[in-house]
Amino acid sequence: MNDIIAPYTGPDIIDLSKIRPRLVDLINGTLAGAQREKPGFSDVFDELSKALPQYGETLGIHPGIWPKIVDKTATLDEIRALKKVVLKLAEVLEESEVYYEDAREADISRVGGFVDTTIRHGDPSVEAAFHKTLAYRSQYARKAADQRRKNKQARDEPPAEPGTETTPSRT
C-alpha cells in the first residue's frame, strides 16, 4: 500500500471458548487493592515447585495449594496470550476507524469545495441542496472564529476600575 498503512495480518477470529469459563467480569472498583505479579515470579514458581512437595506438610500447607498455583499460572498464560492479540486488534480497529473517518471527512470537504466553486462561478442555487453539508464542513471553523472574536472583545474591553464593581447586597 504505502509506508504509513499496512493491511491487518492478525487473526480474523479470536477464540475464547477454552478459557471462557474462567473469565470474570467484576463490578467497577472491585480491583482496587488487588495484588499483581511482581518481578521475579518465575524464580518463585521454580522454587515452590521444588519446596512445596518437600516441605509443604512440615509447614502445614494443604497439598492442594500447589496444583491451584499451577492452574492459575496456566490460566494467566492463556489470558495474556489472548490479551496481546485482542489489544493489537483493538489498536488496529481504533486506527482503522480514525483512518476511514479522516478519509471520509476529506471526501466531504472536497464535495464542499466543488459546491463553493459552483456557487461562486456557476449556479448559486445548489447551495440550498448542500446546506447541511456546508454547515457540517465549516462548523469547527465557525467555532474557532467565534472564539477568536470573544477573545478579541475580552482584550479590547477596558479593565474595570477598582472599587467600581457592583456586588449584590446581603440584606
Side-chain angles (χ1 to χ4, degrees), residues 1-116 129-151 154:
M1 298 185 108
N2 65 36
D3 60 346
I4 61 167
I5 62 171
Y8 172 65
T9 58
D12 295 340
I13 297 172
I14 298 172
D15 185 8
L16 300 175
S17 60
K18 186 176 176 186
I19 65 164
R20 185 172 181 180
R22 293 175 279 163
L23 295 177
V24 296
D25 186 7
L26 302 174
I27 296 170
N28 289 342
T30 305
L31 293 176
Q35 298 180 55
R36 301 301 307 263
E37 182 176 294
K38 295 175 255 333
F41 171 76
S42 60
D43 293 336
V44 170
F45 188 82
D46 256 0
E47 180 178 82
L48 291 175
S49 72
K50 296 170 188 126
L52 278 178
Q54 185 174 353
Y55 297 104
E57 189 176 335
T58 304
L59 297 171
I61 296 174
H62 190 280
I65 191 83
W66 176 244
K68 287 181 179 181
I69 292 171
V70 169
D71 183 54
K72 287 178 178 88
T73 301
T75 297
L76 284 166
D77 290 344
E78 291 174 289
I79 288 170
R80 288 173 179 156
L82 285 167
K83 182 180 172 186
K84 186 177 181 180
V85 174
V86 169
L87 289 174
K88 179 60 180 177
L89 181 56
E91 174 191 324
V92 167
L93 290 170
E94 177 71 23
E95 290 169 352
S96 297
E97 178 184 17
V98 171
Y99 174 80
Y100 286 105
E101 204 169 53
D102 178 64
R104 183 188 64 195
E105 294 297 309
D107 290 344
I108 291 170
S109 184
R110 277 192 287 283
V111 168
F114 283 109
V115 172
D116 287 342
F130 293 94
H131 175 73
K132 289 181 182 175
T133 301
L134 294 173
Y136 175 83
R137 181 191 61 160
S138 64
Q139 63 185 303
Y140 290 151
R142 281 194 320 275
K143 185 176 180 178
D146 289 345
Q147 187 61 48
R148 284 191 301 273
R149 192 171 20 264
K150 286 179 187 176
N151 291 345

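Just so it is clear, the structure is predicted and the values come from calculations on it, not from any experiment. What's counted below: heavy atoms across the whole structure, side chains too, no hydrogens, waters or symmetry copies.
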Query raised in the report: Roughly how far, to the nearest 0.5 Å, is the NZ atom of Lys88 from the CD1 atom of Ile14?
Result: 12.5 Å
Query raised in the report: Taking all non-hydrogen atoms of both residues, which atom of Arg137 and which atom of Asp116 are closest, and how far apart?
Result: NH2-OD2, 2.6 Å
Query raised in the report: Charged N to carboxylate O under 4.0 angstrom, Asp107 versus Arg110?
Result: yes
Report task. If a pair satisfies side-chain hydrogen bond (donor to acceptor under 3.5 Å, both in side chains) and one of its residues is in residues 68-80, list it, with sequence neighbours excluded. Result -> Lys18-Glu78, Arg22-Thr75, Arg22-Glu78, Glu37-Arg80
Query raised in the report: More than 12 non-hydrogen atoms from neighbouring residues, nucleotides or ligands closer than 6.0 Å to CD on Glu91, yes or no?
Result: yes
Report task. For Arg142, check side chain to side chain contact (heavy atoms under 4.5 Å, CB included) against everything at least two apart and list the hits. Result -> Ala135, Ser138, Gln139
Requested in this report: Check side chain to side chain contact (heavy atoms under 4.5 Å, CB included) between Leu23 and all other residues, then give those that pass, not counting sequence neighbours.
Outcome: Leu16, Ile19, Ile79
Report summary line: Applying salt bridge (charged side-chain N to carboxylate O under 4.0 Å, His left out) to Lys83 and not counting sequence neighbours gives none
Report task. Using the ring pair (Phe, Tyr, Trp, His ring centres under 6.0 Å) rule, collect all pairs that involve residues 49-92, keeping only residues at least two apart or in two chains. Result -> Phe45-Trp66
Report task. List for me each residue that meets side-chain hydrogen bond (donor to acceptor under 3.5 Å, both in side chains) alongside Glu105, sequence neighbours excluded, and say none if there are none. Result -> Tyr136
Query raised in the report: Is it true that atom CZ of Phe41 has more than 12 heavy atoms of other residues, nucleotides or ligands lying nearer than 6.0 Å?
Result: yes
Requested in this report: Indicate the atoms forming the closest heavy-atom contact of Pro53 with Leu48, along with that distance.
Outcome: CD-O, 3.6 Å
Query raised in the report: About how many Å separate OG1 of Thr58 and CG of Leu52, when rounded to the nearest 0.5 Å?
Result: 11.0 Å
Query - Among Gln147, Arg148, Arg149, side-chain hydrogen bond (donor to acceptor under 3.5 Å, both in side chains) partner for Asn151 - result: Gln147
Report task. Answer yes or no: is there a side-chain heavy-atom contact under 4.5 Å between Val115 and Thr133? Result -> no
